[in-house]
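Take this structure, written in structure tokens, and hold onto it; I'll ask about it next.
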Protein chains: 2
Amino acid sequence: MPRRTKAEAEATREALLDAAEDVFLEKGVSRTSLEHIARHAGMTRGAVYWHFKNKADLFHAMLDRVKMPLQQIIDDITAEQQPLGPLDTLRLATLHAFEMLERPRSCRVHTILMHRCEFISDINPVELQNRLAADCREVVRRCFQQAHDEGLLIDEIAPDVATLMLHSMIGGLVHDWLRTPDSFSLRESGGEAIDSLFYLITRRA
Amino acid sequence: MPRRTKAEAEATREALLDAAEDVFLEKGVSRTSLEHIARHAGMTRGAVYWHFKNKADLFHAMLDRVKMPLQQIIDDITAEQQPLGPLDTLRLATLHAFEMLERPRSCRVHTILMHRCEFISDINPVELQNRLAADCREVVRRCFQQAHDEGLLIDEIAPDVATLMLHSMIGGLVHDWLRTPDSFSLRESGGEAIDSLFYLITRRA
DNA sequence: TGGCATTTACATTCATGTATGTATGCGTGT
DNA sequence: ACACGCATACATACATGAATGTAAATGCCA
């Protein structure tokens, strides 16, 4: 049945992206053909090629429907006019990113990004990811530097080291949780680990 | 040129595995054909099919030439008859795993495993990796429990939380470093982060 | 000389991209 | 209000290329 209304066309586009999430998640990106995706959405490849240029284009459209956790952290930190101190800002931004990640679509897409597709290809924006990671580290570093200058950090931990600790812990938690989401709760257990880290590096009277 | 001596045959097998490392690293696993690997080793696909059943078999043979970092940690912890306390055992095992990872072949293969291939396929031993991660966590947890019982851990950090913190930090450091090996030194900066964590959670007089 | 290592040749499968078909929604003119 | 025309939203068909697996051919060492 050709030519639906404009709203229906938009719906099939979303349905195709939904199907892509499902099939990519199940079979991995390189092993799923556009035929698979189309059939899973109850359509044919013609629909896919109408809405998207090719597989890479569809993949990027899928990515565009979610926000990167590191981007979320950057935005949270830079947006607020720091009603809180730098350490609480950092901590809450991290927990907020965890919350966002637990939304079903975000969870699916980022699982695909981390565990279901190869970097080094026209399909994955590696450089963008690297730049994002570098930017986030820089923003976090500045926060820790400020905390250090304000005497909020304990003396034993340099801002750079705190940055690496937090960054790697976030990355590790997200990585592990996306691989085995049922083994622990990112918000609860992950949040507890993050809270503990901040507790340990905060100077107390 | 057919049929060299038996030693030469073994040499071509190794050369094929070396080539696989190179090409997988450069192009990703799914995008490299057996033809690519063979040509990179100066041979044809026939040689590949002689030594290996198929791509998955070759991949596993490539994996068999290195040791998993988490396996290294498990072995280090369980092998030693603890001449050191549990915390130092954990810390040194981690640093040792970092050292092993910086060896060129190990670095290449684990970069491929983490960043150049899709899980969910006949090619990647996901379940084995998950089981390894679970085993490692359990061994680490027991170590922290022992440290807790011996009063070596500070009261504010429960053994389970310490386990998650260490495990996620290791995972995050390795993940980040394999993605951008030039951005920091795993042994130096990574080791510093690990040392700092242990410093923070150790009870002091 | 016979089995081993490797090449060459061949058949098959499969995903991609494109070209074409087609029915329908929608604006336009009157 | 209604017919007309066109662009839209898909489905279908086809051509191509690439990768795989296997079988046959080839040469060399022991």
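Chain letters run A, B, ... following the sequence lines, proteins first, then strands; residues in each count from 1.
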> Of A/Arg45 and A/Trp50, whose closest DNA chain D nucleotide lies nearer the 5' terminus?
Replying inline: A/Trp50
> Over how many whole Å does the gap from A/Glu35 atom CD to C/dT13 atom P extend?
Replying inline: 16 Å
> Looking across every strand, which nucleic acid part, if any, lies under 4.0 Å from A/Ala47 by heavy atom: base, sugar-phosphate, or nothing?
Replying inline: sugar-phosphate
> For the side chain of B/Lys55, counting heavy atoms from C-beta on, which of D/dT20, C/dT8, C/dT16 is nearest?
Replying inline: D/dT20
>> With a 4.0 Å limit, can you tell me whether B/His36 has a side-chain N or O closer than that to the phosphate oxygens OP1/OP2 of D/dA18?
In response: no
>> Over 60° means perpendicular and under 30° means parallel, so tell me whether A/Phe198 and A/Phe144 are parallel, tilted or perpendicular.
In response: parallel
> Which of the following nucleotides, C/dT16, D/dA11, D/dA9, is nearest to the side chain of A/Thr44?
Replying inline: D/dA11
> Counting just side-chain N and O atoms, does A/Thr12 come under 4.0 Å of either OP1 or OP2 of D/dC10?
Replying inline: yes
> Does B/Ser33 place a side-chain N or O at less than 4.0 Å from the phosphate oxygens OP1/OP2 of D/dA18?
Replying inline: no
>> Taking the minimum atom-to-atom distance to the side chain of B/Asn54, which one of D/dA11, D/dG21, C/dT16 wins?
In response: D/dG21
>> Could you check, using the six-membered ring where one of them is a Trp, whether B/His115 and B/His110 have ring centers closer than 6.0 angstrom?
In response: no
>> How close do A/Cys136 and A/Leu70 get, counting heavy atoms only, and between which atoms?
In response: SG-CD2, 3.8 Å
>> Looking at B/His148, I'd like to know if its NE2 atom is crowded, meaning that more than 12 non-hydrogen atoms belonging to other residues, nucleotides or ligands lie closer than 6.0 Å.
In response: no
